[in-house]
Amino acid sequence: MQHNIYLFGAPGAGKGTQAQLLSEKLGIPQLSTGDMLRAARKEGSELGNRVAALMDAGQLVPDEVVIELVKQRLARPDHQAGVILDGFPRTIKQAEALDTMFASTGRAPLQVISVEVPFDEIRRRLAGRRWCSRCNGTFHVTDNPPRPGHVPGCDVSSCPLEVRTDDRPEAIEKRLQAYSQQTAPLMDYYRQRGVLRAVQGTGPIQEIFAALQACLSA
Ligand code: AMP
């Protein structure tokens, strides 16, 4: 069966980690709008420059920008067998645009899984998150340290780890605000459509992964 899965949740809920595991397990790509935007910034493209300030401030970039990115990515041949959406949609307008894309291409219905983590835990996770801009690896100072006992550095490329600009305390609060005001209303949007499931996003990564898989339609 074609799986089109949307992992819903606050920033730092672990959607990226779980999306990567699901992607490997199901053999379908992970589509992360955050990763795509960070890649555009790294390339120094016009789009990257346009969204940089908004991202650093912890605000959402305009709907039109991400909708266009997703539309182009979903049209790729390697995205035809299914996809795991991570970080998109984040507004009702994006969700409606996604519905239109799905309807016009005859995709299997979206399965939405909410990864639920209390805000205090989210703050702790984001404040301790470290990132390798070269290979996109994500670590945490205590929960997932790079090469324990060694000088901090990415396990893959050995480069120094960074704090993402949007993981600084002022940006974290802005992102949580954006989530509460613009993204959380999607819960009702998908609940009303009968496609919303939920898992607890705290505890060991493999246990969360098992719970996620149990939510998927056979
Ligand atoms: P993420 O890595 O998913 O937390 O995304 C990092 C940042 O990219 C967000 O704080 C937003 O500025 C931007 N972004 C990513 N996805 C979206 C989206 N679907 N809509 C608007 N902005 C987004």
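Reckoned from all heavy atoms, side chains included, excluding hydrogens, waters and symmetry mates. Everything quoted here is computed from the prediction, not taken from an experiment. Start at 1 and go down the list; that is how both ligands and their atoms are numbered.
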Proximity to ligand 1 by part of [X], non-hydrogen separation under 4.0 Å:
X: Asp166; result: side chain
X: Gln59; result: backbone
X: Leu60; result: both

I need the atoms of ligand 1 closer than 4.0 Å to a non-hydrogen atom of Leu37, numbered in the order shown.
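Close to Leu37: 8 (O), 13 (C), 14 (N), 15 (C).
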
Sub-4.0 Å atoms of ligand 1 with respect to non-hydrogen atoms of Gln94:
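Answer for ligand 1: 18 (C), 19 (N), 20 (N), 21 (C).
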
Salt bridge flag under 4.0 Å for residues [X] and [Y]:
X: Arg134; Y: Glu162; value: no
X: Arg124; Y: Glu121; value: yes
X: Asp56; Y: Arg41; value: yes
X: Asp166; Y: Lys174; value: no

Regarding atom 16 (N) of ligand 1: of the candidates Asp63, Thr138, Thr33, which has the closest heavy atom?
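The residue whose heavy atom sits nearest atom 16 (N) of ligand 1 is Thr33.
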
Pick, from Arg175, Arg90, Met55, the option with the minimum heavy-atom distance to atom 3 (O) of ligand 1.
Arg90

Taking a cutoff of less than 4.0 Å between a non-hydrogen atom of the residue and any ligand atom, is Arg164 in contact with ligand 1?
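Yes.
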
Compute the minimum heavy-atom distance from Arg38 to ligand 1 and say whether it is under 4.0 Å.
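Judged by the 4.0 Å heavy-atom criterion, Arg38 does count as contacting ligand 1.
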
So is there a nitrogen or oxygen of Val61 less than 3.5 Å from a nitrogen or oxygen in ligand 1?
yes

N or O contact, Gly87 vs ligand 1, cut-off under 3.5 Å
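Yes.
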
Is there a side-chain contact between Phe88 and Leu69, using heavy atoms and a 4.5 Å cut-off?
no

Could you check Arg50, Lys93, Lys71 and say which one makes a salt bridge (Lys or Arg N to Asp or Glu O under 4.0 Å) with Glu64?
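Looking at Arg50, Lys93, Lys71, the match for Glu64 under the salt bridge (Lys or Arg N to Asp or Glu O under 4.0 Å) is Lys93.
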
Are Arg123 and Phe119 in a cation-pi contact, defined as NZ or CZ under 6.0 Å from the six-membered ring centre and within 45° of the axis?
no

Do you know the tightest heavy-atom contact between His140 and Arg129?
CD2-N, 3.9 Å

